Each structure stands twice: as C-alpha cells, then as structure tokens.
Amino acid sequence: MLKRLVVGRAKRSEELGETLLPKRLALPIFASDPLSSVAYATQEILLVLTLGGLAYLHFTPWIGAAVVALMAVVVLSYRQVVRAYPSGGGSYEVASTNLGPSAGLVVAASLLVDYVMTVAVSVASGVDNIISAVPELADHRVLMALGFVALLTAMNLRGVRESGRLFAAPTYLFIGGVLIMVGTGLLRYLLGDAPVAESAKYGITPEEGDADLAGLALLMLVLRAFSSGCTALTGVEAISNGVPAFRKPKSKNAASTMASMGIIAITMFAGVTTLAMVSKVHIAEDACRLTGLADCEGYTQRTVIAQLAAAVFGGNNSFGFYYIQAATALILILAANTAYNGFPLLSSILAQHRYLPRQLHNRGDRLAFSNGILALAIVAGLLLYGYKANVTSLIHLYILGVFTSFTLSQSGMVRHWNRALRTETDPALRRRHQLARLINATGALVTGLVLVIVLATKFTQGAWLAVLAGILLWLMMRSIRRHYDRTAAELAVTDARAEGMLPSRVQAIVLVSTVHKPTLRALAYARAFRPDHLEALTVAVDRDSLASLRKQWDDFEIEVPLKVLESPYREITKPVVEYVRSIRRAGPRDVVAVFIPEYVVGHWWENLLHNQSALWLKSRLLFTPGVTVTSVPWQLSSAVIADHAAARAPGSVRRGEPPNPPEHAAARTAPGDPDGN
C-alpha cells in the first residue's frame, strides 16, 4: 500500500521506548531551527539597515552583539525550565502552572502560530538558497516549497527517531561548513587578504525619506533591524517542549543539548555577522536600489551566506560555494523539522487538556502524532502558496509568538522560584534557587522589552496578522474547552441506579418497502432481540406498490404485523419520524428500536444509487431521545468481490494475512436503503 511505502510498518505501543533520542540525534531534531537561522538572521539585519543606505551599516556589530547577548540569556533561562518542568509542556506548562490557564493559552496560541511560521520561513529561505545557486529555478519557487513541505511531512510521519537519523547528517555538515567558512574568512582577514563579496562594489540608494535619519527615526531603524535579527532565536524553546523524547536522564540530557545548541548557534551567528562586515556584503530588498547594475530588473541577488561562501572559497563555481549552498538549503528546509516536532507535541498536550480536538492526542502507526503533523503541513502549505514563498513577506509574521512565550514563561519561572524559596531551608539550595530566579527575571525583562520592540516595529509590516491569528486561536481553544466541559458535565453519572434503570418495554420497528432478502434478514435480526412488541412499518406513497407489498406479505405468511403510514404528499422521512415520536410520547419509559435494512456496495458510485432514504431517516431519528437505530447490512455481489480483492491485495500472502471469507463480510455494516432504491 502507498501508506506503508511512505510511513513504513506500524509499530506496537510497547515500542515507544525505542523511539527515545540520544543527544546526538536530539540536537539536529530540536535545534535545527535556531542553528539554521544564522543563514538569514544577519541578512535580515542588513536588509533593514540598508533602507537608509550604506551609512548605517556600522550599527551591524552592535545589533549583532545585542542578539548574541539575548540568545545567551534565553538559553540560560530555558535550561532552568527544562530542569524544573521535565514533563515536556515547556513554556505552556510553566505559564499555566504559575500564571494561570489564560496565560498558558496565550503562550500555546503564540507557539502554535510561530511553529507554522517556522515551517513557512525555513522552507522559503531554503528555496531562496537553492535559487541563489541555480537562478533558473526562480520561476518554480512555490512548487519547490510545497514539494519540500510534502517531503518533510512524509519523513516525520515515519517517526521522530527515523526523521532524526535523516536530519542529523545535513545539520552537522552545515555546522562544520559554516565554521570552516567563518574560520577561513577571518584567518584571511587577519593575514591581510580579506575576502570581498560580489556586492561590495555596489552602492545602495536609500529609500525615499531614509537618507538622513536622526533622533527617533534613527532609533526606530536600529530597533527594527534588531527585531529582524532576533529571528536567530526562533526554535530555542523546542527542546523544553520535547524533554519526554530524550533518553534518561531526560532533564539532564535536554539541558546539555540546549547548552550545546546555544554555544554553536552563538558562535556561528557572531562569525557570519563579522564576516559579512569584513567582506562588505551589500544587499537590499529591491535590487534596483543597488547602484552600478546594468540591468537591475533581471538581476537576482544572492543571499548573504552565498556571497560569503563565494568570497571565501574563490567564486561562484568553487566546491566550497556549492557545498555551503547545498548544506544551507538542506538545513533551512530541514529546520522546519523543529516545528514538526514541537507543534504535534504541544498540540497533543493541549488536546489532553481538552483545549484542542482529542484526535491530536492520538499517536499514528509509527507512534508519531500524525494528526498534528498533517495539520501543520496543511496550514504551512497554504501560507507558502498565499505569500508566493517569499521570505521577506513571511518574515514580518515571524518571531512575535516566540517572544510572547519567552516573556510569559520566564515570568512564570520567577513565581516558581519564589514559591520554592518560601519552603526551602537548605542554604545551598536556596542560593541555587536565587541564582535561577535572577536568570529567569533577567530573561523575562529582556524578552519583554524585545516583545515590545518587535510589536512596535513589525505590527504595521504584517505582524498584525500573526497577532490576529493568535487571538482567534486563543478564543477557539477556550471554546473547545468549554464544549468538552459542558459535555462531561452532561454525561456525568449522578445516580447509578436511576441512570441504569431498565426501560419499561422495548418496541421494535423494521422499516420495509418490499419483501426481499434484506427485509427478511432485518425481520429475523429484530426477532433475535426478543422485543416486547415488534412490527414492520412502511409508508404508502403509491397505492399499487402498497397493494403489491400486502400481497407479498400474505403470500410469504410473515407473522410480523405490517403497519402502513399514509403519506398524501409522498414524503417518507417525516411520517416515520412522527410515528416513532408518537410511540415515545405514549410510553416515555419505553425504548423504540428501529431496524433499517441497508445495502453494502463495492464501488463509491453505487452509494449514489442506494441508501439515500436510509441516510435521511437515520440523521433524523438519531436526534430523537429514547430511540436506537440499527443498520442491518446486505452485501451486494460487488461488495463481496471488492472484499476478496482487498483480501488478496499484493503482498497480503507474503505478510501472512489470510483472505477474509465471505461469511465474515456479512457481519459488517455500511449505509443502505430501506426502500430498495
């Protein structure tokens, strides 16, 4: 089957322990997003600063240093989360436990939106780097992006551990390639042979009104560049959400993995930013703002990472250039895997807490949260299609949710340590808790400030859509929880004796239109239930048909009484429903059991020719209290043939699957038709 080819063989629940991750696989699975963001975080800073021309690029090192300091604070803060909350709820659990359910839902909604954006931005950025190496593919940008989303989805449906094995090599190849590139480039600079980017010879014309900024306008430009550079922090919290996926000791391994991720990401980001300044990379959102180009309309700008690779390794045709481009494209596309692990895990926890549909809590054949994976893929695919897989357009919707969750989770951790200090008497532990509280308080303060900056600088650029999506998701989750709570209260047993009291009588009704084999089977099935009263029911829409039915009834000497309902307007459903309700009114403690003979067909189009009356009747009767509806199936020859074909499907004998004998098919149910149409 196609499903088995894509997903692989189903795994037993007992095999869940075999899917737990060692640190060497956990790093590429949960940290590929923050590690890969060095491929575009520096570029986003430069794109904003060059709105004012080349004069403002001297702010780049200071903005880069601020991003590095922020990343260090966030990593240290989340190491405290991993140790204090090893169950895997991450920011959501911290905020819910310490700040209340509403704050927890704000974090959850923010993270879910940001996970979707992670997939969209990572894939779009990866496609950008492929196009940088092969510009002829520019016209196929959207199709390539959607294809990569489909590939990632299929890989993750196979399970976390298997996807980790596939993603480990590209992640480590990217880390090694970037570190070699940065080391080589900086060494050349120190030796007096600084690499020069291909765009260094171009000037940049400032956007209208941005040529001579000062005061508040300059501050806003710098803050906007800083908020764009903060994309380097996306995905940092994924490890705290995925602690249950680690091998034991889970908290220790997760904390070690987070520390490794922080050190590697900071080193690469700082190196790429420094190298971009050394090699004088010039890049603008619109190529026509580059001065010195002969034909700006037909010019495709290479990404910052591509320009650095060409400058360091000797041009656009060097092995090093293609290596970096291939590794970057791979890691950016695979960086979406951070979301493919974080989104389903968080959705599962929310579903368990009744904030999302319970289907999201179920594991699929490969013990992955398949429904969450598919939901993420669909929404991210729609975003990529709607925004034409354009990184610049998508980036404005990004990182807002990350800093919302950062701020609330760190604030929650401060309250967590405050409670712990009230009861802790051991001096050594108190000092440790006080240090942890200081780290989390600093994290809350800094990330809260960044959240304000991001809102102020990105809101009108498109971030309002992310805010709106988060609000709608928050409202939806609260509504789902209210629905589940109301349903639970309605179904709760208050008096077991009263709830389990037997009905006074069981009155059985078999719907018939003619005397044939399905009718006789339905009558026999109803008799087997030994009801207190049994009758056959038909609706008289045609006098000739009614006369034929009565004659058949007498000829076959059927002992069940036949009840005829008049229908002058040729309706079937309404008279039957009214008659059943009249029985219920006459005996409120009676149960009315309605048996409907139905056809089982082998082809989808046959359902259009049969079973329509049965579907309408069931849809009405199921809303009537005290009424049960039983479908009595009759398999047509096409259904039996289809069943044999399925039983003898290719590979079934090799897999040891016995064919289903015809008698087994008779026990199945499917839609059918009481009136023989």
Side-chain angles (χ1 to χ4, degrees), residues 37-64 67 121 124-125 127-133 135 138 141 195-214 217-232 269 272-311 316 325 328 332 387-398 457-458 460-462:
S37 63
V38 302
Y40 54 81
T42 300
Q43 177 171 308
E44 293 304 317
I45 294 173
L46 297 178
L47 283 171
V48 174
L49 290 177
T50 53
L51 291 174
L54 298 179
Y56 299 99
L57 288 181
H58 68 276
F59 287 109
T60 303
W62 300 103
I63 294 172
V67 172
V121 171
S125 186
V127 170
D128 260 4
N129 277 274
I130 293 174
I131 292 172
S132 289
R141 180 187 304 271
V196 179
E198 65 181 39
S199 60
K201 59 188 175 184
Y202 301 130
I204 299 180
T205 304
E207 282 200 349
E208 187 176 349
D210 290 335
D212 189 19
L213 298 173
L218 178 60
L219 177 64
M220 289 302 295
L221 180 72
V222 172
L223 290 178
R224 183 177 166 191
F226 171 68
S227 67
S228 294
C230 286
T231 53
F269 172 76
V272 168
T273 303
T274 303
L275 192 57
M277 296 303 298
V278 166
S279 59
K280 296 181 171 56
V281 173
H282 296 162
I283 190 168
E285 288 189 9
D286 182 3
C288 287
R289 287 180 46 228
L290 297 176
T291 59
L293 277 175
D295 178 21
C296 66
E297 295 292 343
Y299 180 72
T300 300
Q301 295 184 88
R302 298 187 192 275
T303 61
V304 167
I305 202 84
Q307 293 190 45
L308 293 179
N316 299 333
Q325 286 309 100
T328 301
L332 282 168
Y387 281 86
K388 309 298 182 188
N390 185 289
V391 177
T392 304
S393 300
L394 289 166
I395 205 78
H396 295 306
L397 308 179
Y398 205 18
T457 57
K458 287 182 173 287
T460 57
Q461 302 293 321

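The structure presented is a predicted model; accordingly, all values stated were derived computationally and were not measured.
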message: Let's go through Thr205 and Thr291 carefully: what are the C-alpha distance in whole Å and the side-chain angles of both, what is the deciding distance for side chain to side chain donor-acceptor pair (under 3.5 Å) to 0.1 Å, and is it a yes or a no?
response: CA-CA 7 Å; Thr205 304; Thr291 59; 5.4 Å; no
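- Each of Gln301, Gln307, Lys280 was scored for a side chain to side chain donor-acceptor pair (under 3.5 Å) with Ser199, with one residue passing: Gln307.
- The line from OG1 of Thr273 to CD1 of Ile45 is 5.5 Å long, rounded to the nearest 0.5 Å.
- Considering all non-hydrogen atoms of both residues, Ala311 and Pro195 come closest at O-CB, 3.6 Å.
- From Leu308, atom CG reaches atom OG1 of Thr274 across 10.5 Å, with rounding to the nearest 0.5 Å.
- Phe269 and Ala41 make their closest contact through CE1-CB, 3.8 Å (heavy atoms, listed as atom of the first residue, atom of the second, distance).
- How far CD1 of Ile63 is from NE2 of His58: 9.5 Å, rounded to the nearest 0.5 Å.
- Distance check, rounded to the nearest 0.5 Å: CG of Asn316 to CD of Glu198 gives 5.0 Å.
- When every heavy atom of Met277 is checked against every heavy atom of Thr60, the shortest pair comes out as SD-CB, 3.5 Å.
- Scanning both residues, Gln43 and Val304, for their nearest heavy atoms gives OE1-N, 3.0 Å.
- Nearest heavy atoms, Thr42 versus Ala276: CG2-CB, 4.1 Å.
- The structure places CG of Leu46 at 6.0 Å from CG of Leu57, a figure rounded to the nearest 0.5 Å.
- Of the inter-residue distances, the one linking Gln325 atom CD with Ile131 atom CD1 reads 11.5 Å to the nearest 0.5 angstrom.
- The backbone N or O of Ile283 lies less than 3.5 Å from a partner atom in the side chain of Thr50, making a donor-acceptor pair.
- The shortest heavy-atom contact between Ala284 and Leu47 is C-CD2, 3.4 Å.
- The shortest side-chain heavy-atom distance between Arg141 and Asn390 does not fall under the 4.5 Å cut-off.
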